[in-house]
Structures are given as structure tokens and as C-alpha cells.
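All ligand and atom numbering here is 1-based and tracks the order in the structure.
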Amino acid sequence: MDFAFSDRCLEYRERLEIFMDERVYPNEARYDAEIAASGDPHLHAPVMEELKQEARDRGLWNLFHPHPEWGPGLTNLEYAPLAEILGRSKIASEACNCSPPDTGNMEVLTMFGTAEQKDQWLRPLLEGTIRSSFAMTEPDVASSDATNISLRIQRDGDSYVLNGRKWWITGGMHPNNKVLIVMGKTDPSAPAHRQQTQILVPIDTPGLRRVRSLPVLGYLDPEGHVEFEFTEVRVPATNLVADEGDGFAISQARLGPGRIHHCMRAIGAAERALELLCRRALSRTTFGRRVAERSNIMDWIAEARIELEMVRLLTLKTAWLMDTSGNKAAAVEISAIKVAAPQTALRIIDRAIQVHGAGGLSDDFPLAAMYANARTLRFVDGPDEVHKMTIARRELRRHDPDFRMDAPVVAR
Ligand SMILES: Cc1cc2nc3c(=O)[nH]c(=O)nc-3n(C[C@H](O)[C@H](O)[C@H](O)COP(=O)(O)OP(=O)(O)OC[C@H]3O[C@@H](n4cnc5c(N)ncnc54)[C@H](O)[C@@H]3O)c2cc1C
């Protein structure tokens, strides 16, 4: 294993840190204020377009994209420390055109898109002039298991017609959102892994209706997590991504990098929470001593540093393995960090909130919003329990190579 950062990675890291200090952190309050003043929780804050332009001018754009033709071509190991820095602020990823779900969608279109699909959707996504969503989860079925996904996609002449419901579709309220990549069932009689298909649905297609925007622990994220209803939604057959039945394989291809990006950002958020915890504990006094001098607080600080180093190293190992042996070879490590990083971040953020007293629960500090966001990571891209199942199954097969579970496992 070699986790040494390359020269270009170190150079990007330095420039990104300067951008964060000069432009991102100072504009967090303005971002919130612009949304609050508008009365629209889903406003695209004007400051974001300023930040995007500046990130573009500074060459801090599409940092995630691994394909040199379309981005800087950084490896997972090179992007890891950059994603960690982006994770420190809720506005940094969009400013640098590195936000999910666009990142995953851009990778899908890069890998599987036709020339026309790349021109129509990938180019504007890379330019940051449009945004997109990935629509898989459904309210009516347990969507951890991809075989349950039941929105119907039926061929009709030169078109496909979609009927069904989706929810928790991130980015669904963004005013620049122009397209959804939708996963649904084309052939219920095919083998479990071949029933699902992905297709591009422009957001203004007749029959596609936003039902509502779902809050996360009371927070309405500006980009929105939306419930959509599809009623006789008709799109050209050329909107298919790859072929009928490839939906599951495409999901697997997009989820590897997406999961590791979530973990890197969670580590960044936890680092910021630990910084805030330490500063607060040093600045407040109770019963004649600074809070930082209390042994339990020192214990929390030490545990946070130990746990952060552990999950960072496991994340870097995972990134290195993905770069050197491929996403499939790194499946167990990807599942492991997907469980470990959000849980570690949640523990640290929770303790930072505690050290801030009641103020930690308010929006005067970024901690409460960070907590809500980190909590979602125990669900997004598959719940903890499903990742643990992947790890346990692999472990059991070392002792019983024929180990099978009752149902075919098609985890998302
Ligand atoms: C903020 C946010 C954003 C999201 N964005 C998107 C998005 O953009 N697009 C999208 O398609 N989806 C999105 N999701 C949905 C997310 O991917 C799903 O919530 C997740 O995959 C779980 O599916 P489910 O909610 O249907 O839970 P279910 O499948 O109903 O599972 C419920 C619970 O059952 C338990 N469980 C399931 N399987 C097992 C098992 N094998 N062993 C033990 N216990 C098990 C777990 O405790 C699990 O949490 C988002 C979710 C959130 C919270």
C-alpha cells in the first residue's frame, strides 16, 4: 500500500484550502441569509453562481471526474483529501461542481452514454449549467433490495412509457435540474439481475409530477429530496442508458465511487466538528475550570482523533484498492467505510454539539445541520445493515464456500 499523495494532489489541496478560507467559509452565512430572505427554502442562492465562477477560474472544477478527457483525471486516492476538504462545508461541493448525485450521473453518462446523450446532458453537467437527479428509491417497496424496484418502463413503438412513484430524489427541487436518470423494471420475467433498466427523463416531460419535498430531521435541504409521481411519462427509446436489463450493473458501477466520496466528505465534516469542539471547550469555563480540562472532554477529543485516523486510513486504503485493483476487488472495503465513516462522524458531531451546550442545537453553529446530513449517510446508497450483510457474507464464505442466503441478493 502506498498512500503518499502525488505532487499534483498536494498542489490541488493547497489551492482548495485557500479557496475554502478566502471564499467558501466567509460565504456560508450569506448563502443561508439569501435563502431565508427569499422565503423560498429551495432558492438557488445567487452567491452559489459567484462561487462556481470563482472555482472554475481557479481550476478547482470537476475535481471528482476520473476520466482525463472530461476532468482533471485524478485517481480516487488523489481525490480523497480534496473531497474531505469539500465535506467541511455544505456549500463547497456544489461550488466546485462535485456534488452528488450529479457526480455519479456524470460518471454513468461518461461510461454508458451515447454520443448524443453526452452532448445533450454530460457536457452541460460538466459545465455546471444544469443539474440532475438519480431516481431509484420508491415509497411502496423496501428499496434496499434492488429487485423490489417496481416503477414500470414499457416499450411502445419508438418510446418508453414510465408509470410509478419515486421518493427521496435528491436535487429534485433545484431550479437548474433538467434531467433524471430513472431506474425501473422493463422485464419482470427476466432473471433478478436483468429486470431493471435505467433511462433519461427530462424533468419537464408531461406526466412527471413533483408531489412534495421531504425534510431531513426538520431541515428542508435547498436542492430538495423529492417525491415524484410518473403517470404515462413518455420518452424516446434513444433515452435508454446502455441496454434493457443493464440497470443493476450500471448502479453497481456508479455506487462504488459515490459511496467513497460520501465517506471522505463525512470525515471532513467530523474534522471541522472536532475543531469547533476544541475551540469551544478551550473558551468556556464551568466550576472554576475550562471545559477542555475535564477528563471526559479530553477523552472525547482523544477518541475522536483515534477514530478519525482509523476511518481515514481505511478510506485511503479503499481508494488505493479501487485505483489499483478495481471497484469490485474493493467491495468489502467500500462497504466497511460506508458503515464506519458516517457512524464515526455522527459520534464526533454529537459530542461537539454537547460541548456547545444548547447553542449546539441551533443554527448559530453548523453542527446541527452537519448532524442531520451525517445521519442521512446511514441510509443513502444503501443502509448500514445491507453493507454489513455484504461483509458478513464474504467472511462466511471463507469458511463455507457454498454459503447462500434464501433469496438472491441484489443489494443496491
Ligand atoms: C437524504 C437522503 C437522500 C437520498 N437520495 C436519494 C436519491 O437521490 N435517489 C434515490 O434513489 N434514493 C435516495 N435516497 C434513498 C436511500 O437510498 C434509501 O433510503 C436507502 O437505499 C434505503 O432504502 P429504503 O429507505 O427503502 O429502506 P428499506 O429498504 O425499506 O429498509 C429499511 C430498513 O430495513 C433494514 N434492512 C434492510 N435490509 C436489511 C438487511 N439485509 N438486513 C438487516 N436489516 C435490513 C434496515 O434497517 C433499513 O434501514 C436518499 C435518502 C436520504 C435519507
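The shortest N or O to N or O distance between Trp168 and ligand 1 is below 3.5 Å. Residue Val386 has no N or O atom closer than 3.5 Å to an N or O atom of ligand 1. For ligand 1, the polar-atom distance check finds an N/O of Met136 within less than 3.5 Å of one of the ligand's N/O atoms. Considering backbone and side-chain atoms alike, Thr170 places an N or O below 3.5 Å from some N or O of ligand 1.
Residue contacts with ligand 1 for Asp145 are absent, since no atom lies close enough (heavy atoms, distance under 4.0 Å).
Across the listed options Pro101, Ser144, Ser133, Ser144 owns the non-hydrogen atom lying nearest to atom 22 (C) of ligand 1. Looking at Arg375, Glu385, Lys166, Met183, it is Glu385 that brings a heavy atom closest to atom 36 (N) of ligand 1. Selection from Gly104, Ala142, Ala146 by nearest heavy atom to atom 30 (O) of ligand 1 gives Ala142. Nearest to atom 20 (C) of ligand 1 by heavy-atom distance, out of Phe134, Phe379, Tyr219, Trp167, is Phe379. Among Thr137, Thr376, Ile169, the residue whose heavy atom lies closest to atom 18 (C) of ligand 1 is Thr137.
Close contacts of ligand 1 with Pro383, meaning ligand atoms under 4.0 Å from a residue heavy atom, involve 22 (C), 48 (C), 49 (O). Atom numbering of ligand 1 starts at 1 in the shown order; those under 4.0 Å from a heavy atom of His225 are 1 (C), 3 (C). The Asp381 neighbourhood of ligand 1 comprises atoms 17 (O), with distances under 4.0 Å to a heavy atom of that residue.
The side-chain contact (heavy atoms from CB on, under 4.5 Å) test applied to Gln195 returns Lys185, Ala190, not counting sequence neighbours. Partners of Val332 by side-chain contact (heavy atoms from CB on, under 4.5 Å), not counting sequence neighbours, listed by chain and number: Ile391, Arg394.
In this structure, His356 and Phe365 have perpendicular ring planes: the angle between them is above 60°, well past the 30° mark. Between His225 and Trp168, the two ring planes are tilted [angle within 30° to 60°].
When the options Asp246, Asp187, Asp243 are evaluated for a salt bridge (Lys or Arg N to Asp or Glu O under 4.0 Å) with Arg194, the one that passes is Asp246. Each of Leu16, Ile85, Ile91 was compared with Cys96 under the side chain to side chain contact (heavy atoms under 4.5 Å, CB included) criterion, and only Leu16 meets it.
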Apply side-chain hydrogen bond (donor to acceptor under 3.5 Å, both in side chains) to the pair Gln53 and Asp57, showing each step before the final yes or no. CA-CA 6 Å; Gln53 187 55 49; Asp57 294 344; 2.9 Å; yes

With side-chain hydrogen bond (donor to acceptor under 3.5 Å, both in side chains) as the criterion, how do Glu223 and Ser133 come out once you've worked through the C-alpha distance, each side chain's angles and the decisive distance to 0.1 Å? CA-CA 10 Å; Glu223 75 271 28; Ser133 289; over 6 Å; no

